Structures are given as C-alpha cells and as structure tokens.
2 protein chains.
Amino acid sequence: MKSEKISEAVVRRLPVYLRYLNDLNKREVSTVSSQELGLKLDLNPAQIRKDLAYFGDFGRKGIGYDVSYLIEKIRHILNLDQQINAVLVGAGNLGQALSNYNLYLRENIKIVAVFDENPTKVGSRISTLTVQPMDEISDTIKSRNIRIGIITVPDVEAQNVADRLIAAGIEAILNFAPTILKAPANIRIHAADFTTDLLSLAYYLDNGKDGSADDGAQEDK
Amino acid sequence: MKSEKISEAVVRRLPVYLRYLNDLNKREVSTVSSQELGLKLDLNPAQIRKDLAYFGDFGRKGIGYDVSYLIEKIRHILNLDQQINAVLVGAGNLGQALSNYNLYLRENIKIVAVFDENPTKVGSRISTLTVQPMDEISDTIKSRNIRIGIITVPDVEAQNVADRLIAAGIEAILNFAPTILKAPANIRIHAADFTTDLLSLAYYLDNGKDGSADDGAQEDK
DNA sequence: GCTTAATTTATATAACTAATTACAATCCGG
DNA sequence: CCGGATTGTAATTAGTTATATAAATTAAGC
C-alpha cells in the first residue's frame with residue numbers, strides 16, 4: 001500500500017469496477033483476472049492492476065482477484081460500507097427520474113429527501129418521498145445527516161441552491177444544471193450536465209471535412 | 001491554425017465556452033477576454049487561449065475575443081451550424097426528462113424521434129413527439145437523417161439497442177445506461193451514467209480517516 | 001516429490017498527454 | 001507613439017497510461 005495522492009481518473013474508474021464485480025458476484029463467479037476486467041470494461045489490464053494497487057495488494061499472483069473480497073475493498077474505499085444520505089433539489093422531470101433510479105441503486109447512496117421551490121409541487125409524492133418546501137432544507141440536511149446534494153433545478157437557480165446546500169453543511173454536490181458552480185474548495189462538485197456531453201459528441205460527427213472521408217466498414221458486433 | 005490532433009479534453013470544454021458566450025451575447029456583451037472566461041468557468045485563462053488557438057487565431061491581442069464571432073467559430077467546430085438530428089430510445093422517466101429538455105436547447109441538436117419496446121408506451125406523446133415501436137427504428141433513422149442516438153433503456157437492453165442503432169447507420173451514441181457498450185471504432189460513444197458520478201463523489205466525503213490511516217497491514221511469512 | 005510451464009499480480013520504467021507558466025508580439029486609447 | 005491590456009505559443013511541469021519484468025501460484029509430467 002502506498003500513500004500517494006489518488007488521481008481523479010482512478011477514482012472515476014472504481015465505480016465501474018464495482019459495477020461489473022457486482023455483476024460477477026450475482027452470477028456466482030468467485031475469481032476474476034485484470035485481463036478479463038480489461039476486456040469487459042475496455043481498459044488496459046495493467047491500468048486496472050495499478051489502480052487497485054494504490055489501495056492495497058488485493059490480488060493473488062497466478063490467480064487473480066477474489067470477487068467478493070474486491071467488492072468489499074472497493075466499497076470501503078468509496079465510503080460505501082455505510083449508508084450515505086443524499087438530498088435532491090428540483091422535482092422536475094429529471095429529478096423524478098433520478099428519484100426513481102434510487103430504488104435500483106444497489107449501493108449505499110440513498111436519496112432521502114426531495115425539495116422544490118414550486119408550491120404546487122410541494123406535498124406531492126415522488127417515488128417513496130414527499131416533496132418538501134425549500135425553507136425546510138437546512139433543518140432536514142442537519143437532522144437527517146445528509147452529505148450529498150443533487151441539483152436538478154434550472155440553471156439560473158442552481159448557484160442559489162448550491163449556496164443553501166453548502167450553508168446547511170453538505171459535503172459534495174452532483175450538479176445537473178448547465179452552470180459552473182462556485183463553492184469553497186472543501187466542497188466537492190461534479191458536473192453531470194448532459195448537454196455538454198451531447199454537444200461535444202457532435203464534434204466527432206464526420207462531415208467529410210477531413211482525411212477520414214468515408215470508412216464504411218460497418219458491422220454488427 | 002495547426003493540424004495537430006485535438007484532444008478529448010479540449011473538445012469537452014468547447015460546449016462550456018459556447019454556453020457562457022451565448023450568455024454574454026444575450027446580455028449584449030460584445031468582447032470577452034480569456035481571463036474573464038477563466039474566472040467564470042473555473043479554468044486557467046492560458047488553457048482557454050490554447051484550446052481556441054488549436055482551431056485558429058480568433059482573438060485580438062490587447063482586446064480579447066469578439067463574442068459573436070467566437071460563437072460562430074465554435075458552433076462551426078462542433079458541427080452545430082447545421083441541424084443535427086438525434087433519436088432517443090427508452091421512453092421512461094429519464095427519456096421523458098431529456099425529451100423535454102429538447103425545447104430548451106438553443107443549439108442545433110434536436111431529438112426528432114422517440115422509441116420504446118413497451119407496447120403500452122408506443123403511441124403516447126412525449127413533449128411534441130409520438131413514441132414509436134422499435135421495429136421502425138432503422139427506417140426512421142435512415143429516412144430522417146438521424147446521426148446521434150441517445151440510449152435511456154435499462155442496462156440489460158442497452159447493448160442490443162446500440163447494435164440496432166449502429167446497424168441503422170448512426171454515427172454517435174450518448175449512453176445513459178450503466179454499461180460499457182461495445183461498438184466499432186468509427187462509432188463515437190459517450191458514457192453519461194450518473195451512478196458512476198454519484199459513487200465516485202462518495203470517495204471524497206471526509207470520514208476523518210484522512211491520511212488514509214487504514215488497516216492494510218499485510219503479514220509476511 | 002521435484003521440475004517445468006502457464007498464469008497473473010505488482011511495480012519500475014518509459015512514453016505519452018495535458019495543464020501551467022512565462023513571455024514576446026501585438027493592439028488600442030489617449 | 002507610449003503604456004496598459006491581452007493574445008498566441010514556447011518551455012516547463014504535472015498527470016496519466018502503457019510497457020516490461022520479477023515474483024508468486026497452481027497444475028501437470030514424470
């Protein structure tokens with residue numbers, strides 16, 4: 001085990017490993033090699049080994065990794081061996097979609113409260129939760145030990161919501177609004193804006209405007 | 001202007017620039033410096049200059065960048081000076097949320113068709129579109145010149161849907177399902193799975209275990 | 001029981017990619 | 001035509017991924 005600083009790139013891959021490992025576990029596969037992981041996850045096996053080696057020697061030479069043991073270790077690294085409570089702000093379409101995903105989440109992150117500014121939405125039910133008014137946000141975050149905020153409000157309100165979440169003591173934010181949030185350095189913010197993804201995708205459409213004009217090779221699987 | 005290969009990191013920032021520039025434009029600001037952009041977007045000004053310089057000399061020394069001109073240029077780089085048609089597969093909660101966002105999208109990417117496997121959903125309306133059955137997918141993609149596919153189906157169906165989109169001639173896919181899609185190298189795939197974002201966020205929660213003062217002691221024999 | 005071959009991890013090193021710093025070149029207003 | 005502002009880019013630093021290899025493990029042959 002080393003004590004270097006762990007890069008973001010590594011941390012972003014851990015949930016991907018975890019997801020596939022859970023899959024293997026459900027299929028009662030007990031051991032897996034970095035090579036197989038690499039094949040399934042489109043990653044270089046050496047990179048996977050190196051990622052895991054940052055946190056300890058989890059594998060056995062000649063054998064590979066024990067699936068259950070590795071799941072346990074990654075869950076621990078990601079703080080998922082305890083329940084992490086999250087709050088969702090913005091009960092629009094996207095907010096509803098995320099709340100419903102809640103139920104499918106095998107991992108220990110739970111959306112335990114939903115807030116919306118709109119009085120007509122307050123009191124309505126989303127999945128198993130009741131939409132609360134914004135002025136309860138601080139009390140709820142404190143009393144229910146909520147550590148992650150998920151923002152699904154329109155962009156103009158996002159910063160204001162973030163400020164309130166931070167003031168109430170939230171530690172991290174997942175921001176779906178197309179806005180760069182300002183926050184103190186100790187607050188972790190991840191942008192999850194899909195319009196950015198979608199627009200950058202358009203860059204890669206081939207308009208015959210460069211050398212790679214027409215490579216028709218197209219086949220199923 | 002150079003002709004180096006443009007890195008993904010650069011391409012992902014272009015939509016971010018574009019978004020803020022559109023904002024400035026609406027507020028009738030005509031000129032902006034890399035420093036101001038950097039401040040607002042939390043990026044190093046030199047990085048912004050370098051990003052833009054890959055594509056041409058868009059700025060003027062001593063002055064900055066002309067907002068309208070830069071918008072036009074970035075839109076051209078991202079292929080957004082033409083309408084790009086997209087298709088959405090999976091009319092669940094998330095699919096509905098994205099379809100509705102459609103209307104807010106200032107840029108030229110439009111979701112022009114929605115598909116779902118479930119017969120009870122086929123025929124229903126989502127935003128301005130009518131949900132179509134899966135067996136029409138290939139014809140629709142071809143006849144309506146659809147170039148981008150958005151996948152919002154459950155993970156077990158995602159690869160199958162991707163295969164059908166690719167067979168129908170789609171060029172790029174935005175995948176919301178928590179699965180690594182396999183596809184030929186000429187198909188561009190972006191993962192937009194927010195469970196990965198959410199789980200990696202948990203890593204950064206502080207459990208007072210900083211310094212990683214963790215077990216890990218391994219015995220020798 | 002011993003040896004050899006086939007795997008597979010862990011890690012050192014190298015190669016590559018990306019971000020930051022530093023600064024000369026340029027531009028405009030006065 | 002001087003001074004402050006700002007770009008474009010070279011040089012540097014930082015970060016990430018890939019390659020190469022030694023060490024460990026099992027299994028098979030004899």
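Just so you know, these numbers use all the heavy atoms, side chains as well, and skip hydrogens, waters and symmetry mates. First the proteins, then the strands, lettered A, B, ... as listed; each starts at 1. Because the structure is a prediction, the values reported are computed rather than measured.
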**Complete:** Result for 5'-nearest mapping on DNA chain D, choosing between A:Gly62 and A:Val10, is A:Val10

**Message:** Nearest whole Å is fine: how far is C:dT9 P from A:Glu36 CD?
**Reply:** 11 Å

**Item:** Separation of B:Leu78 CG from B:Ile84 CD1 (nearest 0.5 Å)
**Value:** 10.0 Å

**Complete:** Rounded to whole Å, CD of A:Gln35 lies from C1' of C:dT7 at a distance of 9 Å

**Request:** Tell me which nucleotide among C:dA10, C:dC23, D:dT16 gets nearest to the side chain of B:Arg49.
**Result:** C:dC23

**Asked** B:Ser34 side chain N/O closer than 4.0 Å to the phosphate oxygens (OP1, OP2) of D:dT7?
**Response** yes

**Prompt:** Just one of B:Asp193, B:Leu98, B:Ile151 clears the side-chain contact (heavy atoms from CB on, under 4.5 Å) bar with B:Phe176, so which one?
**Reply:** B:Leu98

**Upstream residue (5' side of DNA chain C) when B:Arg13 and A:Phe58 are each assigned their closest nucleotide** = A:Phe58

**Prompt:** Just to confirm, is there a sub-4.0 Å distance from OP1 or OP2 of D:dG8 to any side-chain nitrogen or oxygen of B:Tyr65?
**Reply:** yes

**Message:** Does anything in residues 39-47 of chain A come within less than 4.0 Å of DNA chain D? Heavy atoms only, and list the residues if so.
**Reply:** A:Asn44, A:Ala46, A:Gln47

**Asked** Does A:Ser7 have a side-chain nitrogen or oxygen under 4.0 Å from the phosphate oxygens OP1 or OP2 of D:dG15?
**Response** no

**Item:** For atom CG of A:Asp57 and atom C1' of C:dA10, their distance in whole Å
**Value:** 7 Å

**Request:** State whether B:Lys182 and A:Asp42 are salt-bridged, where the test is any N-O pair (Lys NZ or Arg NE/NH1/NH2 against Asp/Glu carboxylate O) under 4.0 Å.
**Result:** yes

**Item:** Separation of D:dA24 P from A:Ile63 CD1 (nearest whole Å)
**Value:** 14 Å

**Asked** Less than 4.0 Å between a side-chain N and a carboxylate O, is that true for B:Asp23 and B:Arg19?
**Response** no

**Message:** Do A:Gln96 and A:Asn100 pair up side chain to side chain, a donor and an acceptor below 3.5 Å, judged on atom types alone?
**Reply:** no

**Message:** Measure CZ/B:Phe55 against P/D:dT7 and give the value in whole Å, please.
**Reply:** 17 Å

**Request:** Could you say whether A:Ala9 or B:Gly59 is positioned toward the 5' end of DNA chain D, judged by the nucleotide with the nearest heavy atom to each?
**Result:** B:Gly59

**Item:** Spacing of B:Tyr54 atom OH relative to C:dT17 atom P, expressed in whole Å
**Value:** 11 Å

**Prompt:** To the nearest Å, how far apart are B:Leu52 CG and D:dG8 C1'?
**Reply:** 11 Å

**Prompt:** Can we say B:Arg188 and B:Glu8 salt-bridge, meaning some charged N sits less than 4.0 Å from an Asp/Glu carboxylate O?
**Reply:** yes

**Item:** Point-to-point distance, once rounded to the nearest 0.5 Å, from CG of A:Asn44 to CG of A:Leu37
**Value:** 12.0 Å

**Message:** What I want to check is whether an N or O donor and acceptor connect the side chain of A:Lys50 with the base of D:dT17 at under 3.5 Å.
**Reply:** yes

**Message:** Please confirm whether the shortest side-chain N or O distance from A:Arg60 to OP1 or OP2 of D:dT26 is below 4.0 Å.
**Reply:** yes

**Request:** Mind calculating the distance between CG (A:Asp66) and C1' (D:dT26) to the nearest angstrom?
**Result:** 16 Å

